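Counting from 1, the numbers follow the sequence of the chain as shown. Fair warning: this is a prediction, and the values are worked out from it, not measured in the lab.
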Amino acid sequence: MSRPYRSWASSEDVRVRMRGTPRRDTRPELALRRAVHARGLRYRVSVRPMSQLRRTADLVFTRTKVAVFLDGCFWHGCPVHYRGSVTNSEYWARKISRNKERDADTNRRLTDAGWLVVRVWEHEDPVVAAQRVAECVLQRNQTAMKPGADSRSESRGRS
């Protein structure tokens, strides 16, 4: 006989609310995407930067190998805004710790593969964050355009 399923949620209401939380197209993501797009940059949305890595970036500039992650203050343990949960606190402390470890692992794996990782907190001004993203993409684009680099894929100046 199997044991009855025990949810991670502290109550059925919490479980329903958490399952309804969007994984993409959140308000901060949309604001960042609009601001980056307004700078003339084109990108892929919510894709794996590397197919063998089961991690999804919010914005991916494939030609310049820049992956942008917009991290939620609660889910990723923002040093400014994160406040631990009172209910089911041990579960959430472990969950947030694992998320931070996975973020560091993702950064390391992508960096080792030649990617530039940009992390943006959800509380950041999207226009300021978009400027930072644009600078990173344009810098990588210029590096790729230097003599001796294979510039065919970068010749249009888009990412």
Side-chain angles (χ1 to χ4, degrees), residues 2-12 14-37 39 41-85 87-124 126 129-130 132-141 143-144 150 152-154 158-159:
S2 64
R3 295 185 331 195
Y5 172 74
R6 173 147 160 65
S7 174
W8 51 266
S10 57
S11 71
E12 185 59 26
V14 169
R15 185 172 183 272
V16 168
R17 190 169 53 245
M18 296 308 290
R19 289 184 75 192
T21 301
R23 298 193 191 297
R24 62 173 276 185
D25 299 335
T26 62
R27 229 177 269 139
E29 281 181 33
L30 294 174
L32 179 62
R33 289 188 341 218
R34 275 192 297 272
V36 170
H37 190 273
R39 295 191 174 295
L41 298 174
R42 302 302 176 253
Y43 46 82
R44 297 188 65 205
V45 175
S46 194
V47 297
R48 293 179 182 180
M50 299 184 333
S51 60
Q52 66 274 26
L53 185 63
R54 288 189 55 207
R55 315 283 165 72
T56 302
D58 297 300
L59 303 176
V60 176
F61 299 86
T62 54
R63 291 185 183 130
T64 54
K65 294 179 92 173
V66 175
V68 180
F69 295 86
L70 194 140
D71 295 336
C73 290
F74 176 77
W75 297 106
H76 297 269
C78 171
V80 176
H81 297 109
Y82 176 72
R83 300 292 176 263
S85 176
T87 307
N88 212 1
S89 59
E90 286 181 34
Y91 168 82
W92 287 109
R94 283 191 312 272
K95 170 74 173 154
I96 301 308
S97 178
R98 286 190 313 265
N99 287 353
K100 291 165 90 173
E101 289 169 7
R102 187 175 51 251
D103 291 345
D105 181 60
T106 300
N107 292 351
R108 182 186 54 76
R109 288 181 185 209
L110 288 173
T111 300
D112 288 351
W115 285 79
L116 175 64
V117 177
V118 179
R119 293 260 174 198
V120 177
W121 287 108
E122 72 175 326
H123 67 262
E124 289 185 59
R132 194 168 83 230
V133 169
E135 288 169 1
C136 290
V137 171
L138 294 174
Q139 179 188 28
R140 297 277 292 216
N141 198 17
T143 301
D150 182 8
R152 289 175 297 190
S153 63
E154 301 295 334
R158 291 177 32 173
S159 289

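- Using cut-offs of 30° and 60° for the angle between ring planes, the Phe74 and Tyr82 rings count as tilted.
- The side-chain heavy atoms of Thr106 and Phe69, taken from C-beta on, include a pair separated by under 4.5 Å.
- Taking each heavy atom of Gly77 and Lys100 in turn, the nearest pair found is O-NZ, 4.0 Å.
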Between Leu59 and Arg44, is the side chain to side chain contact (heavy atoms under 4.5 Å, CB included) condition met? List the steps.
CA-CA 6 Å; Leu59 303 176; Arg44 297 188 65 205; over 6 Å; no
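- In terms of modelled atom types and a separation under 3.5 Å, the side chain of Glu124 and the main chain of Val120 share no donor-acceptor contact.
- Looking at Asp105 and Arg55, their side chains come closer than 4.5 Å, going by heavy atoms from C-beta outward.
- The shortest heavy-atom contact between Tyr43 and Arg33 is OH-O, 2.9 Å.
- Between Arg102 atom CZ and Arg109 atom CZ the span is 11.5 Å, to the nearest 0.5 Å.
- With rounding to the nearest 0.5 Å, the separation of CD in Glu122 from SG in Cys73 is 4.0 Å.
- Between the side chain of Arg119 and the main chain of Asp71, no donor-acceptor pair closer than 3.5 Å is present.
- Proximity of Pro79 to Trp121: side-chain heavy atoms (C-beta onward) are separated by under 4.5 Å at one or more points.
- Summarising the local packing, CZ of Arg54 is surrounded by 12 or fewer heavy atoms from other residues, nucleotides or ligands at distances under 6.0 Å.
- Side chains of Tyr91 and Ile96 form no contact here, defined as non-hydrogen atoms less than 4.5 Å apart.
- Here the straight-line distance linking atom CZ of Arg108 with atom CG of Asp103 works out to 13.0 Å at 0.5 Å rounding.
- Of all the heavy atoms in Thr56 and Val47, the pair that sits closest is CG2-N, 3.4 Å.
- Taking every heavy atom of both residues into account, Leu32 and Ala129 meet most closely at CD1-CB, 3.9 Å.
- Between Arg34 and His37, every side-chain heavy-atom pair lies at or beyond the 4.5 Å cut-off.
- Arg140 places a side-chain N or O within donor-acceptor distance of the main-chain N or O of Thr64, the cut-off being under 3.5 Å.
- Side-chain contact check for Asp58 versus Glu29: some heavy-atom pair is nearer than 4.5 Å.
- A distance-only check finds no donor-acceptor pair linking the side chain of Lys65 to the backbone of Pro49 [under 3.5 Å].
- Counting heavy atoms of neighbouring residues, nucleotides and ligands inside a 6.0 Å radius, atom CD of Glu90 does not exceed 12 of them.
- A heavy-atom distance below 4.5 Å is found between the side chains of Val133 and Phe61.
- From Lys95, atom NZ reaches atom CG of Asn99 across 4.5 Å, with rounding to the nearest 0.5 Å.
- Residue Cys136 comes nearest to Val118 through the heavy atom pair SG-CG2, 3.9 Å, listed as atom of the first residue, atom of the second, then distance.
- For the atom pair CG (Leu116) and CG (Leu110), the distance works out to 10.0 Å, reported to the nearest 0.5 Å.
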